[in-house]
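These notes concern the structure reproduced below.
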Amino acid sequence: MTPTAHSGDDYPHTIGLSFEYDDERRARLVGDAVAVEVGQIDDDRSTARVSRDGETLRVDVFAHDLVALRAGVNTWVRLVETAEDVCELAG
């Protein structure tokens, strides 16, 4: 997973979402699965950054307005939940 750097200075609204896993492997699998979406689902109102530190996956959502921030949070939470479900099914 290669995190993409975004400056919070460009976006007045920012939220950091942290997802804790039982082991580093699961955090890496979920992180790698969602990191491919960084840059692909960005628009002119919001963007995101995905990073991982051990067993913690972090998604930072940056937005120009609160509506875009809410939409970004909803999107990224769904992406993480889907990746978690697939990892669970795969074993």
Side-chain angles (χ1 to χ4, degrees):
M1 172 175 52
T2 305
T4 304
H6 295 285
S7 169
D9 296 339
D10 298 337
Y11 298 90
H13 304 285
T14 304
I15 191 166
L17 308 171
S18 293
F19 304 89
E20 298 285 331
Y21 296 95
D22 292 334
D23 57 54
E24 188 173 337
R25 179 181 177 274
R26 180 59 52 103
R28 181 176 35 80
L29 289 172
V30 173
D32 289 349
V34 299
V36 298
E37 301 297 337
V38 172
Q40 299 299 311
I41 58 175
D42 293 351
D43 60 23
D44 60 339
R45 294 171 53 204
S46 67
T47 189
R49 173 179 57 213
V50 174
S51 59
R52 184 182 54 81
D53 183 17
E55 299 168 354
T56 303
L57 175 66
R58 182 168 172 96
V59 178
D60 295 300
V61 181
F62 306 95
H64 288 293
D65 57 78
L66 293 175
V67 172
L69 184 66
R70 179 190 49 80
V73 167
N74 289 341
T75 297
W76 285 97
V77 167
R78 279 193 308 271
L79 287 170
V80 169
E81 287 175 345
T82 300
E84 289 171 347
D85 291 346
V86 170
C87 285
E88 189 68 32
L89 290 172

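Model, not experiment: these values are computed from the prediction. Atom set for the values below is all heavy atoms of this structure, side chains included, hydrogens, waters and symmetry mates excluded.
Between Ala83 and Ala33, the shortest heavy-atom contact is CB-CB, 3.9 Å. Scanning both residues, Ser18 and Thr56, for their nearest heavy atoms gives CB-CG2, 4.3 Å. Of all the heavy atoms in Glu55 and Asp22, the pair that sits closest is OE2-O, 3.7 Å. The two residues Ala27 and Gly54 have their closest heavy-atom pair at CB-O, 3.6 Å.
For the pair Arg26 (side chain) and Arg28 (backbone), a donor-acceptor distance under 3.5 Å is absent.
Within a 6.0 Å sphere centred on CG of Asp23, other residues, nucleotides and ligands contribute more than 12 heavy atoms.
The distance from the OG1 atom of Thr47 to the CG atom of Asp10 is 9.5 Å, given to the nearest 0.5 Å. Once rounded to the nearest 0.5 Å, the distance linking CG of Leu29 with CD of Glu24 reads 10.5 Å. How far CD of Glu84 is from CD of Glu81: 6.5 Å, rounded to the nearest 0.5 Å. Here the CG-CD distance, from Asp42 to Glu37, works out to 10.0 Å after rounding to the nearest 0.5 Å. Taking CD of Glu20 as the start and CZ of Arg58 as the end, the distance is 11.0 Å to the nearest 0.5 Å. We find the CG-CG distance between Leu17 and Leu57 to be 9.5 Å, quoted to the nearest 0.5 Å.
Residues Phe19 and Val36 do not share a hydrophobic cluster, defined by chaining ILVMFWY side chains whose heavy atoms lie under 4.5 Å apart. Using a 4.5 Å cut-off between side-chain heavy atoms of Ile, Leu, Val, Met, Phe, Trp and Tyr, with links allowed through other members, Val77 and Val50 fall into the same hydrophobic cluster.
Contact of the Asp85 side chain with the Glu88 side chain is not registered, since no non-hydrogen atoms from C-beta on lie closer than 4.5 Å. Residues Ser46 and His64 form no side-chain contact, since every pair of their non-hydrogen atoms from C-beta on lies 4.5 Å or further apart. Residues Ile41 and Leu79 form a side-chain contact, since some pair of their non-hydrogen atoms from C-beta on lies under 4.5 Å apart.
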**OP:** Take Asp60 and Trp76, measure what side chain to side chain contact (heavy atoms under 4.5 Å, CB included) needs, and give me the verdict at the end.
**Re:** CA-CA 9 Å; Asp60 295 300; Trp76 285 97; over 6 Å; no
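The pair Asp65-Arg45 counts as a salt bridge, with a side-chain nitrogen and a carboxylate oxygen less than 4.0 angstrom apart.
Looking at residues two or more places apart in sequence or on another chain, you find no side chain to side chain donor-acceptor pair (under 3.5 Å) involving Gln40.
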